[in-house]
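Values reported hereafter were calculated over all heavy atoms of this structure, with side chains retained and with hydrogens, waters and symmetry mates removed. Bear in mind the structure is a predicted one, so any value in this text is a computation, not a measurement. Each chain gets a letter, A, B and so on, in the order the sequences are listed, and its residues count up from 1.
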Amino acid sequence: MHVKQIHLFKLNKEEFVKIQHILQPKINLSPTIPLNSINTCAGVDLAYWEQNGEPYGVCSIIVIDADTKEVIEKVHSMGKISVPYVSGFLAFRELPLIIEAAKKLETEPDVFLFDGNGYLHYNHMGVATHAAFFLGKPTIGIAKTYLKIKGCDFEMPENEVGAYTDIIIDGEVYGRALRTRRDVKPIFLSCGNHIDLESSYQITMSLINQESRLPIPVRLADLETHVLRTFYQKNHG
DNA sequence: GCGACAG
DNA sequence: ATCTTGTCGC
């Protein structure tokens, strides 16, 4: 798959904010493709560990068939991590490996689901949104915990599958607290890019099974990163 | 000094 | 994210 190259990853916080401000107005929340033409969905996740006191990470991307839910392709990338985790700047830490892995894809997924926020972010520039500028495909943000913005809490959705409450800040919809399964904590859904919230919701709910509150491709990528981490730790590189 | 903090 | 034992429940 064709992925735009990057060239910007040893900057300071001010530079990161500048980049987010430049990209933010270019976010497009209109769907580029209709729901019924989505045939393949990719899940993206990373795992981390330390080796000789240095941080390493592995990124897994797993593509599944939207109908059968069968795995079509999986790729990964591994390497040293050079950017620390700072809330609000996750994309700068994770994008290098994400892009490296995406380049290896032979299939071109119709949509990417990320482990992290998209539009639900201080500058509407969570990792899912930011990644779309390199992937050029629709992206969706799936966070497991709530990122509080401007002191606004979320309203707990009803305990029913598919129940949700929108997260509205200063009159703008940032995302959605979504109960994907009963008796389980909600996830925090938001647009990444090139897609609207309702479509993101439909896609996400269509990818839920009994295994997890997370959509299947994200869950699979999560499991895969753990396997890969064990492998790379054992084989010291 | 204290609390907050996607992954 | 990661470090970690047991434990409750389908």
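- Scanning for ring pair (Phe, Tyr, Trp, His ring centres under 6.0 Å) contacts around A:Phe114 gives an empty result, with sequence neighbours left out.
- Between A:Tyr232 and A:Tyr56, a ring centre-to-centre spacing not shorter than 6.0 Å is recorded.
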Salt bridge (charged side-chain N to carboxylate O under 4.0 Å, His left out) between A:Arg181 and A:Glu211, intermediate numbers included: CA-CA 10 Å; A:Arg181 296 185 52 201; A:Glu211 314 284 292; over 6 Å; no
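- Helical stems involving DNA chain C, defined as 3 or more consecutive Watson-Crick or G-U pairs under 3.5 Å, do not occur.
- Contact check for A:Arg219 versus A:Leu207: no side-chain heavy atoms found under the 4.5 Å cut-off.
- Residues A:Pro215 and A:Val218 meet the side-chain proximity criterion, which asks for heavy atoms closer than 4.5 Å.
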Secondary structure string for DNA chain B (Watson-Crick or G-U under 3.5 angstrom, | for other-strand pairs): .......
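- Residue contacts shown for A:Asn117 include a base, since a base heavy atom lies under 4.0 Å away.
- For A:Glu160, the side chain to side chain contact (heavy atoms under 4.5 Å, CB included) partners two or more places apart in sequence, or in a different chain, are A:Ala163, A:Arg182.
- A:Phe89 comes within 4.0 angstrom of a base, heavy atoms only.
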Indicate every side-chain donor-acceptor pair of residues 137-145 of chain A with a distance under 3.5 Å to a residue at least two apart or in another chain.
from, atom 1, to, atom 2, distance (Å)
A:Thr139, OG1, A:Ala128, O, 2.7
A:Thr139, OG1, A:Asn193, N, 3.0
A:Lys144, NZ, A:Asp115, OD1, 2.8
A:Lys144, NZ, A:Asp115, OD2, 3.0

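- Considering only residues two or more places apart in sequence or on other chains, A:Lys18 meets the side chain to side chain contact (heavy atoms under 4.5 Å, CB included) condition with A:Glu15.
- From the 5' end on, the contacts that DNA chain B makes with chain A at under 4.0 Å to a non-hydrogen atom open and close at B:dC5 to B:dG7.
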Evaluation steps, side chain to side chain contact (heavy atoms under 4.5 Å, CB included), between A:Glu224 and A:His76: CA-CA 9 Å; A:Glu224 180 73 1; A:His76 76 269; 5.5 Å; no
Steps toward ring-ring contact (aromatic ring centres under 6.0 Å, His included) verdict (A:Tyr174, A:His121): CA-CA 8 Å; A:Tyr174 274 57; A:His121 175 276; 9.4 Å; no
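- When all heavy atoms of A:Cys191 and A:Leu197 are compared, the pair lying nearest together is SG-N, 3.3 Å.
- Each ring-ring contact (aromatic ring centres under 6.0 Å, His included) pair with one or both residues in residues 191-227 of chain A, not counting sequence neighbours, appears once here: A:Tyr164-A:Tyr201.
- On the nucleic acid side, DNA chain C contacts chain A at distances under 4.0 Å to non-hydrogen atoms, with the end points of that region at C:dA1 to C:dT2.
- Residue-level contact check: A:Tyr48 touches the backbone only, with heavy atoms under 4.0 Å from sugar-phosphate atoms and none from bases.
- Of the residues in residues 136-163 of chain A, those placing a heavy atom less than 4.0 Å from an atom of DNA chain B are A:Ala143, A:Lys144, A:Thr145, A:Tyr146, A:Leu147, A:Lys148, in numerical order.
- Contact annotation for A:Gly57: no contact, since no heavy-atom pair falls under 4.0 Å across all strands.
- In this structure, the side chain to side chain contact (heavy atoms under 4.5 Å, CB included) partners of A:Glu100, at least two apart in sequence or on a different chain, are A:Ser77, A:Leu97, A:Lys104.
- Two residues are said to be in side-chain contact when any heavy atoms from C-beta on lie closer than 4.5 Å; A:Leu29 and A:Ile195 fail this criterion.
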Side chains of residues 35-49 of chain A: which donor-acceptor pairs under 3.5 Å do they make with residues two or more places apart or in other chains?
from, atom 1, to, atom 2, distance (Å)
A:Ser37, OG, A:Pro34, O, 2.8
A:Thr40, OG1, A:Asp110, N, 3.2
A:Tyr48, OH, A:Glu94, OE2, 2.8

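- Nucleotides C:dT2 and B:dC5, compared at atom C1', are 15 Å apart to the nearest Å.
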